[in-house]
Amino acid sequence: MKAIATVPVHNPATGAVLTHVPSASLEEVDAAIGRAATAFPAWRAVAPGDRARLLRRFADLVDAHAEELALLEVTNAGHVIGNARWEAGNVRDVIEYYAASPERHFGLQIPVAGGIDVTFHEPLGVVGIIVPWNFPMAIAGWGFAPALAAGNTVVLKPAELTPLSALRIGELAVEAGIPPDVFQVISGKGSVVGWRFVTHPAVRKVCFTGSTEVGKGIMAGCAEQVKRVTLELGGKSANVVFADADIELAAARAPYGVFDNAGQDCCARSRILVERSAYDQFMALLEPAVRGVVVGDPLDERTEMGPLISPSHLEEVSSFVPDDAPVAFRGEAPAGPGNWFAPTVLAPVERSARAVTEEIFGPVVVVVPFEDEAEAVAIANDSIYGLSGSIWSQNVGRALRVARAIDSGNLSVNSHSSVRYWSPFGGFKQSGIGRELGPDALGAFSDVKNVFISTEE
Ligand code: NAD
């Protein structure tokens with residue numbers, strides 16, 4: 001028998017090898033996709049109430065193992081324990097939320113002449129879900145929960161760097177009674193496993209979260225078979241602070257809008273735009289807030305920011321802060337082993353600088369002044385991305401006006417909230433196509449069929 005190839009996975013806070021996981025070959029991926037295709041007819045035929053019951057049992061098991069899952073995210077992804085607990089709870093909540101939907105996936109009855117006309121939401125078949133390393137288990141759940149609820153079978157590929165939580169969730173699904181071939185987690189390379197989801201004809205939809213660069217290739221590849229695709233890609237979101245905001249609150253919260261998860265967040269508000277008349281006051285308040293961010297051991301309950309994911313990512317983030325970078329101030333980070341980078345504020349910066357235009361995906365933020373509302377909107381929209389953003393103002397009319405004017409999928413006013421599983425999440429422009437979460441997610445995992453029944457024959 002051929003030996004299974006394995007690769008090491010690391011703890012980003014220490015560099016230590018945690019374990020080894022399989023790295024699937026092309027033959028193994030094909031076999032898994034084949035099993036998922038074979039399992040599809042029986043899974044789609046499971047009565048909606050029974051599918052709902054299985055998903056509820058799955059959610060209960062995730063809940064029972066929430067601390068274990070959180071600890072996997074701490075050790076494998078460097079997430080701080082408070083965030084990791086929230087993420088395990090999010091997986092549970094998302095499964096539970098979509099467990100309610102098989103029984104409520106209503107079609108329409110449309111008034112027509114000569115008969116009745118009804119629509120059905122048919123599952124697509126095998127769905128391939130490709131997950132990045134920054135929120136390994138939460139993003140997995142946003143894909144597999146609605147996909148399974150809609151009656152599809154799922155093959156899911158975690159990121160090479162962070163496969164542990166998804167692999168464990170796959171085991172919990174089986175324990176909950178979901179047939180093993182209905183939901184398979186396959187660890188391996190993007191270029192092998194992920195790309196096979198794109199090229200294999202039995203995979204009818206690819207749900208990809210990751211970089212804009214890889215996402216473009218996925219979209220082009222899916223076009224070959226007119227394969228359905230959802231893309232959740234990069235971001236360079238703006239945190240717009242008007243002079244009429246509660247400046248103290250805006251400055252106190254700004255670090256957490258960008259440095260959460262060490263800035264490795266597609267929704268990171270990595271451009272802070274401040275109305276010029278409030279700029280000096282804001283910067284004076286931002287400095288102690290940034291210096292106060294607690295960076296260190298992700299297992300310590302007091303820690304607010306952990307390490308970057310890998311040595312190569314540390315190098316990439318560092319390239320945005322060369323020796324002559326305009327550093328206004330920085331926080332602290334541990335020395336020694338692990339991929340540590342201190343929270344860093346760059347100002348003043350040229351509008352064309354790389355740090356202003358490119359996604360850094362690390363704890364680096366630029367601060368840019370603006371003169372008035374029109375300029376704030378123009379700067380916020382001066383990006384190829386459009387994922388998220390915040391508006392700080394006590395003028396409700398202005399806040400809503402600016403929220404409507406910014407070309408972004410997820411905006412928050414006087415808050416940095418982006419992801420709430422009850423509401424749709426996704427990007428404008430090169431931040432993606434399609435929406436996850438919210439009441440309509442099942443629509444992304446099914447096709448509408450229209451049936452006319454004559455009453456005249
Ligand atoms: P990445 O694009 O390098 O990898 C993402 C996933 O795609 C991984 O599982 C990887 O193995 C796989 N992959 C890589 N090459 C592939 C290929 N040729 N074919 C198929 N699959 C392939 O991204 P990353 O570095 O893991 O994640 C960081 C990026 O993800 C950032 O740009 C971030 O903004 C984005 N992101 C977006 C969202 C969102 O919801 N919009 C959420 C999280 C992360």
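Fair warning: this is a prediction, and the values are worked out from it, not measured in the lab. In listed order, ligands and their atoms are each counted from 1.
Considering only heavy atoms from C-beta on, Leu286 comes within 4.5 Å of Pro255 through its side chain.
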Inset, instruction - Quick one: do Arg435 and Asp440 satisfy salt bridge (Lys or Arg N to Asp or Glu O under 4.0 Å)? Show the steps, please. - result: CA-CA 8 Å; Arg435 291 293 176 271; Asp440 302 324; over 6 Å; no

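With sequence neighbours left out, the side chain to side chain donor-acceptor pair (under 3.5 Å) criterion links Glu436 to no other residue.
Asp447 and Arg204 are not joined by a salt bridge, as no carboxylate oxygen comes within less than 4.0 angstrom of a charged side-chain nitrogen. Here Glu287 pairs with Arg291 in a salt bridge; the nearest charged N to carboxylate O distance falls below 4.0 Å. In this structure, Arg196 does not pair ionically with Glu28, as no charged nitrogen and carboxylate oxygen lie closer than 4.0 Å.
At a heavy-atom cutoff of 4.0 Å, ligand 1 is surrounded by Ile130, Val131, Pro132, Trp133, Asn134, Ile139, Lys157, Pro158, Ala159, Glu160, Gly190, Gly194, Trp195, Phe208, Thr209, Gly210, Ser211, Val214, Ile218, Glu232, Leu233, Gly234, Cys266, Glu359, Phe361, Leu387, Phe425.
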